[in-house]
Amino acid sequence: MGIMDKARIYSPWLYHLHCGGCNGCDIETLAALDPRWDPERFGIQLVASPRHADILIATGCVPKQFIPMVKRVYEQVPEPKVVVAIGGCACGGSLFYNEDPDNYAILGSPDLLIPVDVYVPGCAPKPEAIINGIVQGILKLAAKKKAAAPTQKS
Amino acid sequence: MVDMLFTAVTMLIMIPVALFAGILYVFLFRKLSARFQWRVGPVVSMYKDLAPLLGASRILQPLYDILKLFGKDTPVPDISRKTIFIASPYLAFICAFLAIFFIPFPGVPLLSTMEESLVIASYLLIGAVMFTILGAASSGSPWGAIGARRDIEIFLIYELGFVVALFSVGLVAGSLSLWEIATRPGLPMLILNPFAAVLLFLVIIGKLAIKPLDMAEAEAEIVAGPFTEYGGKYLGLFQLAKAFLFYDMVALFIALFLAPTLNSILWLPVYIIAVVVILFFITVMQVLHPRFQIAKAMSWYGRWVLVFGVLTAMMVLVLRFYWVV
Ligand code: SF4
C-alpha cells in the first residue's frame, strides 16, 4: 500500500449534509463527533465546505424543494468520495415516505438521487453505530482509487 | 566559495527539516488543544488492535491530510477568475516556503546573513497571507469574498504590529540582518523589550488565524471562508503553506527575542523548549477564547496592538539613547 493510499485512510474528512428529517439524526451525528468519542484520534474531522470532504454524511429524507441542492453538494465533493446515509429516513424514507399516493412534499431517501455506499439504520442510530458506519465508509474509500476524470467543473 | 557551498547544502537540508518542524508544530497545536478540551487528539501510539489498519502513530497527521488532498480531484469553479484562483495557492506556498531560508536555525545562518534579511522575511510573510486573500477574492464565491474582507481587516491591524515589532528589534540591535540580531551579544531582546515580544505574539495569533481572531476562516459560519472554493491539491498547497508559516513565525520569534539560542547547534534543546513554550501559549489563546465578532475583534485587537506598539516604540527610544549605544 502506497503512502497516498494510506493517507486516504488516515485522514477522512466528513461533510454533514442535512437533507430533511427531524434533526434527531443530526444531533446524534454531532454527538458521535464530540469529545467522548473523539474521532480526531483517527484523523476524522468535520469540514465546512463539501469541496474539502471525502465522506458525505446524509441524514433525513429529501424534501422535493431540496433535490437540486442534494445533487449539487454531491457533485461538489471531489473524487474519491463515499456517501454514508444515516438514519431510517436516509435509508428508505421512513415514515415520511409514501409511495401511493405520492407525498406532496417529500421525495424520500437520498439514494433516489445520489449513489449511497453505506447505510446506517436506526431512528436515530446511536453514535457507536454512526462511527461504525463511518469506518465502513473509510474501508470503501480505501478501495477506491483516484478517479481518472480530470478537473471537475461545477 | 566554500561558504556558498556550505550555505547551499544547509539550505537543501533545511527544506525537510522545516517541513517536518512545521508538521510537528501543527500536530502539537492540535494535540495540545485536544488535551485542553478533555479529548485525546491525534493518537501518539495507536491502539494495538487497530494498528495494522490505521498505522502505528498519528504524529504526522497534518502530513497525511496534505498528502490525501494532493491525491484528490481538484475542482475549479467556472465563475472564478481562473488564473488568479490557480496561481494564488502556489504563490502563497512559495512565499511561506522561501521565508524559511531567511530565518536562522540554531547554528545554521542560511541566507539570514544577508544585510536586509529581516525586511525580506517580513515581505515574504506578508505575501503568504496576501495571496490567500487574493485567491479567496477571485474565487467568485460570496463566502470567499466575505472571508477575504474579514481577512483584510485583521491583516491591516497585524501588519502594523508586525512592522513595529520587527523594526523595533532591528533599531535596538542596530542591524537589519536577522543573523546579526540573533547572535547579538548581551541580554536577549525578550528582557530588553518585552513589549515588542508581546506585540509579535499578538501578530502571530492574527497571522495564523488562531481564536479569537479566526473569523476569516469561521468554520460553519461562512462555510470555510477564504478556502470555501478550494479543494484537492490547491487546498493541500494552502495547508502546506500554513505548516511552513507556523514554522516561520515561531522561528522568527525565537530569532528576534531569544538571542543566544541560535549561536550554535548545541543550543537545539533550548530551541525546542522555546518552541514548545510558544506553541503552548498559542494553544492557550486558541482554547480560552471563543471567536470574536468582527467589530469586537477590530476594537480588541486594534487596542492591544496600538497599546503595545506605543510601549514598544517608547522602549526603543529609551534603549537606543540611554542603554546600549
Ligand atoms: S431517522 Fe428518525 S431521528 Fe433520523 S431524521 Fe428520520 S425521523 Fe428523525
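Each chain gets a letter, A, B and so on, in the order the sequences are listed, and its residues count up from 1. Only a predicted model underlies this, so the values are computations on that prediction, with no experimental measurement involved.
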Which region of [X], side chain (C-beta onward) or backbone (N, CA, C, O), has a non-hydrogen atom less than 4.5 Å from a non-hydrogen atom of chain B, or is it both or neither?
X: A/Ile138; answer: neither
X: A/Asp34; answer: neither
X: A/Trp37; answer: neither

More than 12 heavy atoms of other groups within 6.0 Å of [X] [atom1]:
X: B/Phe36; atom1: CZ; result: yes
X: A/Gln65; atom1: CD; result: no
X: B/Lys296; atom1: NZ; result: no

Hey, what do you get for [atom1] ([X]) to [atom2] ([Y]), rounding to the nearest 0.5 Å?
X: B/Leu63; Y: A/Ile3; atom1: CG; atom2: CD1; result: 6.5 Å
X: A/Ser49; Y: B/Ile222; atom1: OG; atom2: CD1; result: 11.5 Å
X: B/Leu69; Y: A/Ser11; atom1: CG; atom2: OG; result: 6.5 Å

Donor-acceptor under 3.5 Å ([X] side chain, [Y] main chain):
X: A/Asp38; Y: B/Gly41; value: yes
X: A/His52; Y: B/Ala224; value: no
X: B/Lys68; Y: A/Ala7; value: no

Query raised in the report: Would B/Tyr64 and A/Ile9 count as a side chain to side chain contact (heavy atoms under 4.5 Å, CB included) if you check the C-alpha gap in whole Å, the side-chain angles of each, and the deciding distance to 0.1 Å?
Result: CA-CA 9 Å; B/Tyr64 296 136; A/Ile9 305 176; over 6 Å; no
Measuring heavy-atom distances to chain A, does [X] have an atom under 4.5 Å in its side chain, in its backbone, in both, or in neither?
X: B/Gln37; answer: backbone
X: B/Leu67; answer: both
X: B/Tyr230; answer: backbone

Hey, does [Y] have a side-chain heavy atom less than 4.5 Å from the side chain of [X]?
X: A/Tyr10; Y: B/Leu60; value: no
X: B/Thr228; Y: A/Arg51; value: no
X: A/Arg41; Y: B/Pro42; value: no
X: B/Arg30; Y: A/Gln45; value: yes

Report task. Check the pair A/Glu79, B/Lys72 against salt bridge (charged side-chain N to carboxylate O under 4.0 Å, His left out), reporting the backbone distance first and the verdict last. Result -> CA-CA 6 Å; A/Glu79 295 282 350; B/Lys72 277 178 81 75; over 6 Å; no
Query - Residue selection (most heavy-atom pairs with chain A, distance under 4.5 Å) from B/Tyr47, B/Trp143, B/Trp38 - result: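 Answer, by heavy-atom pair count under 4.5 Å with chain A: B/Tyr47.
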Query raised in the report: Within 45° of the six-membered ring axis of A/Phe42 and under 6.0 Å from that ring's centre, is NZ or CZ of B/Arg58 located there?
Result: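 Pair B/Arg58/A/Phe42 does not count as cation-pi.
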Requested in this report: Run through B/Lys31, B/Gln61, B/Arg39 and flag the one making a side-chain hydrogen bond (donor to acceptor under 3.5 Å, both in side chains) with A/Glu40.
Outcome: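 By the side-chain hydrogen bond (donor to acceptor under 3.5 Å, both in side chains) criterion, A/Glu40 pairs with just one of B/Lys31, B/Gln61, B/Arg39: B/Arg39.
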